[in-house]
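Structure, as structure tokens:
Small disclaimer: the values here were computed from a predicted structure and weren't measured. Each chain gets a letter, A, B and so on, in the order the sequences are listed, and its residues count up from 1.
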Amino acid sequence: MAPGTTADGDTRRVAGRVQVVREVGENAFLPIRDGTGQVQLHLRAPHMGEASFREALAVIDGGDIVGAEGVPERTRRGEPSLLVSSVSILAKALLPPPEKWHGLKDPEARLRQRYVDLFTSPETYQTFLARSVIVRELRRYLDDRGFYEVETPVLGRVASGAAARPFLTHYNYLDEDYKLRISLELPLKRLIVGGFDGVYEIGKVFRNEDLDSTHIPEFTEVELYWAYADYEDVARLIEGLFHHLAGVAGRFLPEETGRAILTDLTPPFGRIDFIEALERESGLTHVLDRTPDELRALAREAGARIGPETPPGTCLDKLFAHFVEAKLDQPTFVLDHPVATTPLAHRHRSKPGRVERFELYYHGTELVNAYSELNDPDDQEARFREQLREPVEEAYAYDSDFVEAMRYGMPPTGGLGFGIDRLVMALLGAASIKDVVLFPPTRARAAENSRPPNGPAPE
RNA sequence: GGGCCUGUAGCUCAGUCGGUAGAGCAGGCGGCUCUUAACCGCAAGGUCCAGGGUUCGAAUCCCUGCAGGCCCGCCA
């Protein structure tokens, strides 16, 4: 449509939030925006009548949600607009929106009032839209390959499947102290015993730990278990999945960035052996033959905080983190960890002292953890008991019912787990996990409570 | 947990040497015959994060606390 022209006939109805009101004599221009985009309303006194024109401008402010009816036109300056015949307020904004040019800058306010950040900052909105679409595509990819999505309990007597401090709660009806889950692993493996040959869950897990740019106590995990598969099958599944999701993320990124990520995540990913990589980068030798005391001394030298009782597995993890992790910029599977680091994985079929496990690293951070699952109940019980001997708070909790389930026979199984938050960070290039979590936790503001203004104080 | 930094109007920010609070935007009123952060004029708007201290006098200096950010250590 040429500038200064109006379409014939067809009336359109639109709605959205008023971004700003520009009043110029007998014309007024009000860009409005909704989830699908932005359009400019053109109010014109001679067109809609002087009285309605004045009335509309008297009541409409920036931030209001309005509905309007009119015909498409292109203004003399070329802006696609709706030449409005009638407009009404659908919802009045009683609080003013942030400054129209600078937006909401205060990082604290952007977290505490994410809803304001969302309608003010298109980048923020795009990030969370992208996250939603990535999760949708993740589901579709797994569903298309025959995996079934399930939901397992968040509350339980035992929080196991990982090494972390749980959140505690109380179950009134049962009058028992319960814990919030720290992992999805053990219930899902019970489903493998039960005959679900391919299951996954996408759900929140809760670890009562610190918050920083890559950790958040309540985060969303994906875990998947695949009967009659091993960790090599799982690695290929991850390669295909992540390549697909990189393509999805690219729709929300600048073209060049999107292409770069898609190229990075094109299979096959790199593969390195845990011990070989550690020994190569650190210059250490015979790492697997060291005594616990020697490992503690080495980890301490590498700058880790190591107590006299720190388990050898932890020391090996620290050494690896110190010498190797940051160097793994391109997607790389780190394979075959020492048994001591991994209580739930199957022993390696040919490498003694190792398990069939991989972690996927990208841009120096761990994205995925996967194994050929341990399915020998006696070995599982022994390794749980080994963990019980660890005098640290963050040990794998003993789950006797899980061992019993395994005694009924669990097929050889490949499994994987990853945090959606970190994957989204990696795909979208976010610097902080708070940038990809809608409502990250914040401390209570002074004198702030769940009490309404002037209402009664909470008990 | 350690270090550094930030907190002033609804929002974005100034505030000098310690002398008693400023701008722009938003909102109000008036003007403007197609604007793009529209523009012009007028008026209004403050628990200077909180508490304490120093001082004749504190947004400003000192102490304590609260909230947030960044870096480091730790859990994915």
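- Side-chain proximity of His102(A) to C34(B), A26(B), U12(B): nearest is U12(B).
- With a 6.0 Å cutoff to the six-membered ring centre and a 45° limit on the axis angle, Arg354(A) does not count as a cation-pi contact of Phe274(A).
- Heavy atoms from other residues, nucleotides or ligands lying under 6.0 Å from CD of Glu151(A) number 12 at most.
- For the pair Glu23(A) CD and A37(B) P, the interatomic distance rounds to 18 Å; values are reported in whole Å.
- For Arg77(A) and U33(B), the CZ to C1' distance is 13 Å, given to the nearest whole Å.
- Of the candidate nucleotides C34(B), U12(B), C74(B), U12(B) has the atom lying nearest to any side-chain atom of Glu99(A).
- For Phe358(A) and Phe269(A), the distance between ring centers is not under 6.0 angstrom.
- Across all strands shown, Gly419(A) has no heavy atoms under 4.0 Å from either base or sugar-phosphate atoms.
- When heavy atoms are screened at a 4.0 angstrom cut-off, Ile216(A) is found touching base atoms of the nucleic acid.
- Separating the P atom of C42(B) from that of U54(B) is a span of 45 Å, rounded to the nearest Å.
- Only the C1' atoms considered, A38(B) is 36 Å distant from C49(B), to the nearest whole Å.
- For Arg74(A) and C34(B), the CZ to C1' distance is 14 Å, given to the nearest whole Å.
- With a cut-off of 3.5 Å on both pairing distances, the Watson-Crick or G-U wobble partner of G41(B) is C29(B).
- Heavy atoms of Thr442(A) sit under 4.0 angstrom from primed sugar atoms or phosphate atoms, though from no base atom.
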Check your understanding: Run the salt bridge (Lys or Arg N to Asp or Glu O under 4.0 Å) check on Arg181(A) and Glu201(A) step by step: do they pass?
Key -> CA-CA 13 Å; Arg181(A) 64 185 174 187; Glu201(A) 179 164 6; 2.9 Å; yes

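- Distance noted for atom P between G22(B) and G46(B): 13 Å (whole Å).
- A distance of about 8 Å separates the C1' atoms of A44(B) and G28(B), rounded to the whole Å.
- Here G19(B) sits opposite C56(B) as a Watson-Crick or G-U wobble pair (both hydrogen-bonding atom distances under 3.5 Å).
- In summary, Glu239(A) and Arg271(A) engage in a salt bridge, as defined by a charged side-chain N under 4.0 Å from a carboxylate O.
- The phosphate of G68(B) has OP1 or OP2 within less than 4.0 Å of a side-chain N or O from Arg443(A).
- Atom pair Glu108(A):CD and U8(B):P shows a separation of 10 Å (rounding to whole Å applied).
- To the nearest whole angstrom, the two C1' atoms, one in A23(B) and one in G69(B), are 26 Å apart.
- One can place CZ of Arg22(A) at 5 Å from P of A38(B), the figure rounded to the nearest angstrom.
- One cannot find a donor-acceptor pair under 3.5 Å joining the base of C11(B) and the side-chain atoms of Asp106(A).
- In this structure, the CG atom of Leu41(A) is 17 Å from the P atom of U35(B), given to the nearest Å.
- In this structure, Gly103(A) reaches the sugar-phosphate backbone alone: every heavy-atom distance under 4.0 Å involves primed, P, OP1 or OP2 atoms, never a base.
- Counting non-hydrogen atoms under 4.0 angstrom, Leu367(A) reaches nothing in the nucleic acid.
- When heavy atoms are screened at a 4.0 angstrom cut-off, Glu221(A) is found touching no nucleic acid atom at all.
- Side-chain atoms of Asp61(A) lie closest to G27(B) of the nucleotides U33(B), G27(B), G69(B).
- Between A43(B) and G27(B), the distance separating the two C1' atoms is 12 Å to the nearest Å.
- Atom P of nucleotide C29(B) and atom CG of Leu57(A) are separated by 11 Å, given to the nearest angstrom.
- In the model, Glu73(A) has a side-chain atom that pairs as donor or acceptor with a side-chain atom of His42(A) under 3.5 Å.
- Here Phe219(A) lies in heavy-atom contact (under 4.0 Å) with a base.
- Going from the C1' atom of U6(B) to that of G45(B) covers 25 Å, rounded to whole Å.
- Nucleotide U35(B) forms a pair with no other nucleotide shown, judged by Watson-Crick or G-U wobble geometry with both contacts under 3.5 Å.
- The side chain of Lys100(A) places an N or O atom within less than 4.0 Å of a non-bridging phosphate oxygen (OP1 or OP2) of A26(B).
- G53(B) sits 27 Å from C17(B) when the P atoms are compared, rounded to a whole Å.
- At a cut-off of 3.5 angstrom, counting only N and O atoms as typed in the model, there is a donor on one side and an acceptor on the other between the side-chain of Gln40(A) and the base of U35(B).
- Contact check on Glu373(A) versus Arg190(A) returns no salt bridge, with no Lys/Arg side-chain nitrogen under 4.0 Å from an Asp/Glu carboxylate oxygen.
- When distances are taken from the side chain of Asp212(A) to each of A67(B), C74(B), C34(B), the shortest belongs to C74(B).
- Using a cutoff of 4.0 Å between basic side-chain nitrogens and carboxylate oxygens, Lys189(A) and Asp399(A) are not scored as salt-bridged.
- The distance from atom NZ of Lys105(A) to atom P of G7(B) is 15 Å, rounded to the nearest whole Å.
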